[in-house]
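What follows is a short report on a single structure.
Here is how names work: the chains are called A, B, and so on, in the same order as the sequence lines, proteins then strands, and each is numbered from 1.
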Amino acid sequence: MQRTLIKAALNRTTGMDRILVKGWVRTRRDSKGFSFLEINDGSCLKNIQVIVDETAPAFSLLKDVGTGAALEVAGTLVESPGAGQKWEIKASELRLLGMADPETFPLQKKRHTDEFLRTIAHLRPRTNKYGALFRIRSEAAFAVHHFFRDRGFFHLHTPILTGSDCEGAGEMFRVSTLPLCPPAPPQGESPFAEDFFGKEASLTVSGQLEAELFACALGNVYTFGPTFRAENSNTPRHAAEFWMIEPEMAFADIVDDMDLGEELVKAMTRHVMENCREDLELFARFVDKGLLGSLDTIMTEAYVRLSYAEAVDILRSSGRPFEFPVHFGADLQTEHERFLCEEHFKKPVIVYDYPREIKAFYMRLNDDDKTVAAMDLLVPRVGELIGGSQREERYAVLERRIVEAGMRLDNYWWYLDARRYGSVPHAGFGLGFERFLMMLTGVTNIRDVIPFPRTPKHLEF
RNA sequence: UCCCCGAUAGCUCAAUCGGCAGAGCGGGUGGCUGUUAACCACUAGGUUGCAGGUUCAAGUCCUGCUCGGGGAGCCA
């Protein structure tokens with residue numbers, strides 16, 4: 001007999017004479033003469049209730065069936081006489097697939113702290129909250145592909161291994177096959193000459209530069225993959241390995257870029273709202289009471305757009321005694337970003353046209369010669385969700401900016417070359433997938449929205 | 001990396017001025033004829049994060065370390 005997913009069983013409009021489900025026991029309640037089991041198979045948030053009568057042949061197996069055990073249940077799907085569920089399974093046969101020692105199984109029926117569950121990340125997806133979270137994560141990833149495919153974007157697989165020794169987005173992890181203490185190279189030879197690639201190699205910190213080249217060929221592309229930053233960041237918003245969505249559009253400027261970012265966040269949010277309602281409601285109930293309201297704002301209201309100069313004016317005239325004083329030329333601090341989107345506007349805010357000195361070399365220089373066409377999308381509680389820009393497409397300007405940034409031109413020959421042959425205005429951004437999930441669920445620590453988080457000094461599982 | 005806070009039973013926490021190590025949940029055993037975080041009774045369970053120090057006496061005070069949380073910086 002074929003296995004029925006619990007999600008499908010619970011959605012039925014009629015009973016079933018024969019049903020087979022497989023899953024993990026969430027709880028067992030005994031009474032005289034019969035026993036109730038609640039089984040979850042991960043297909044949905046809800047468990048299915050199984051009743052085992054002492055007259056059933058399976059009853060003797062129950063002594064070994066505790067919370068956490070894996071079970072196969074055959075029986076009939078019938079309407080439940082009890083309150084709380086429409087359907088239940090009257091079990092005729094049970095098969096114990098995998099025992100779980102109740103003395104040591106760490107998950108209880110009651111609520112656990114996120115900190116404790118992080119120490120048992122191999123088991124936490126078996127809880128309601130983390131099961132819901134990772135179903136949502138899966139659906140949100142699908143929403144990304146759905147959104148871009150609808151708009152004629154091509155999914156591009158950019159390399160994870162890179163030889164660009166400074167992509168400009170942070171410290172990189174070095175990748176090597178050399179022994180830990182290699183013999184010293186001959187005078188004048190690179191220490192990486194004997195390494196796998198014959199040069200220094202790293203894990204990518206961004207697919208942007210490569211995506212730009214493909215945008216200037218296929219038109220609109222996006223990448224969606226893992227990204228690695230070796231920064232010693234110890235915050236609830238940073239991970240050493242995270243997933244990033246990086247669209248890149250040819251024939252597009254900074255306004256097109258902001259439009260795309262706003263549409264993407266709205267569409268992803270709407271998709272999950274429509275397809276993961278039950279899982280999302282768990283977060284609205286137990287994690288953030290105001291979640292559905294703030295998601296509604298994110299989906300329906302126009303995001304505030306203001307220039308960096310305007311943002312500085314608002315901050316200066318706010319009368320707020322910020323720890324870091326605000327003045328043109330200084331980067332916005334977290335307290336400033338939070339003030340803007342959490343207190344002043346109470347909705348997502350896009351800040352654009354930042355001073356050139358505080359932004360990356362590849363961002364397009366504006367006509368004022370003081371600012372670049374950069375934009376950050378800030379959302380309440382999470383902060384920077386998107387960082388992007390129109391790219392510098394003018395060869396001479398880009399060359400000058402690379403030199404000014406103190407970088408070597410020959411490392412970027414191919415990036416510059418793209419500006420010599422049919423260069424066009426183009427723009428793109430990076431959206432942190434985990435940060436999006438934090439916004440979506442109200443979860444406040446990035447380590448709880450990624451299956452096995454990698455952070456400084458943490459490489460367990 | 002810097003600043004602040006914390007670590008007591010498997011989990012979540014309490015322990016007054018430095019004076020007997022406690023509860024709920026979870027586990028075990030028994031009971032209960034439809035339970036819903038079931039209920040009732042009994043029961044086991046501790047190197048108080050680690051290493052030093054002060055004291056007649058340290059979970060409690062001091063120093064160092066480890067781990068966790070929050071804030072800051074870096075950014076997505």
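Using the six-membered ring where Trp is involved, A/H122 and A/F461 have ring planes that are parallel, under 30° apart on the 30 and 60° scheme.
Residue contacts for A/K32: at a heavy-atom cut-off of 4.0 Å it reaches a base atom on one of the strands shown. Residue contacts shown for A/I245 are absent, as no nucleic acid heavy atom lies under 4.0 Å away. Heavy atoms of A/I446 sit under 4.0 angstrom from at least one base atom. Within 4.0 Å of A/E246, counting heavy atoms only, lies no atom of the nucleic acid at all. A/G82 comes within contact range of at least one nucleobase, with a heavy-atom separation under 4.0 Å. Using a 4.0 Å heavy-atom distance criterion, A/Q49 is classed as a base contact.
When all heavy atoms are compared, the tightest approach of A/D288 to A/G442 is CB-CA, 4.3 Å. Of all the heavy atoms in A/Q49 and A/R29, the pair that sits closest is OE1-NH2, 3.3 Å.
Residue A/H238 places its side chain closer to B/C75 than to any other of B/A72, B/C75, B/G68. Considering only the side chain of A/Q85, B/U35 comes nearest among B/G68, B/U35, B/G34. When each of B/G73, B/G69, B/G34 is scored by its nearest atom to the side-chain atoms of A/S233, the top-ranked nucleotide is B/G73. Distances were taken from every side-chain heavy atom of A/E231 (C-beta onward) to each of B/G34, B/G27, B/C74; the shortest belongs to B/C74. Comparing B/A72, B/G34, B/U12 by their closest approach to the side chain of A/T334 singles out B/A72. Comparing B/U35, B/A72, B/G68 against the side chain of A/N234 picks out B/A72 as the nearest. Comparing atom distances between the A/R29 side chain and each of B/U35, B/U12, B/C32 picks out B/U35 as nearest.
In terms of phosphate contacts, A/T113 brings a side-chain nitrogen or oxygen within less than 4.0 Å of OP1 or OP2 of B/U12.
Counting atom types as modelled, A/H112 pairs no side-chain N or O with a base atom of B/C11 as donor and acceptor under 3.5 Å. Between the side chain of A/K90 and the base of B/G34, a donor-acceptor pair under 3.5 Å is found. Judged by atom type and distance alone, A/E54 does not reach the base of B/U33 through any side-chain donor-acceptor pair under 3.5 Å. One cannot find a donor-acceptor pair under 3.5 Å joining the base of B/G71 and the side-chain atoms of A/E335.
Rounded to the nearest Å, the gap between the P atom of B/G26 and that of B/G68 is 29 Å. Of the P atoms belonging to B/G6 and B/G10, the separation is 23 Å, rounded to the nearest Å. Taking atom C1' in both B/C25 and B/A37, the straight-line distance is 10 Å, to the nearest Å. Going from the P atom of B/G45 to that of B/A9 covers 15 Å, rounded to whole Å.
B/C65 is paired with B/G49 under the criterion used here, namely a Watson-Crick or G-U wobble arrangement in which both key atom distances are under 3.5 Å. As the counterpart of B/U1, B/A72 is assigned, both hydrogen-bonding distances of the Watson-Crick or G-U wobble pattern falling under 3.5 Å. When both pairing distances are held under 3.5 Å, B/U54 makes no Watson-Crick or G-U pair with any nucleotide shown.
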Using a cutoff of under 3.5 Å, can you pull out all pairs of nitrogen or oxygen atoms linking the protein to nucleotides 4-10 of chain B, with atom names and distances?
unit_1	atom_1	unit_2	atom_2	d
B/G10	N2	A/Q108	OE1	3.4
B/G10	N2	A/Q108	NE2	2.3
B/G10	N3	A/Q108	NE2	3.4

Exercise for review: Please lay out, stage by stage, how A/E404 and A/R356 fare under the test salt bridge (charged side-chain N to carboxylate O under 4.0 Å, His left out).
Suggested key: CA-CA 11 Å; A/E404 280 171 6; A/R356 57 187 284 184; 2.8 Å; yes
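Checked by atom type, the side-chain pair A/E393/A/H426 shows no donor-acceptor distance below 3.5 Å.
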Check your understanding: Once each nucleotide of nucleotides 41-48 of chain B is scored for protein heavy atoms under 4.0 Å, what B/S/- sequence comes out, 5' to 3'?
Key -> --------
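Cation-pi geometry between A/R151 and A/F147 is satisfied (NZ or CZ under 6.0 Å from the ring centre, within 45° of the ring normal).
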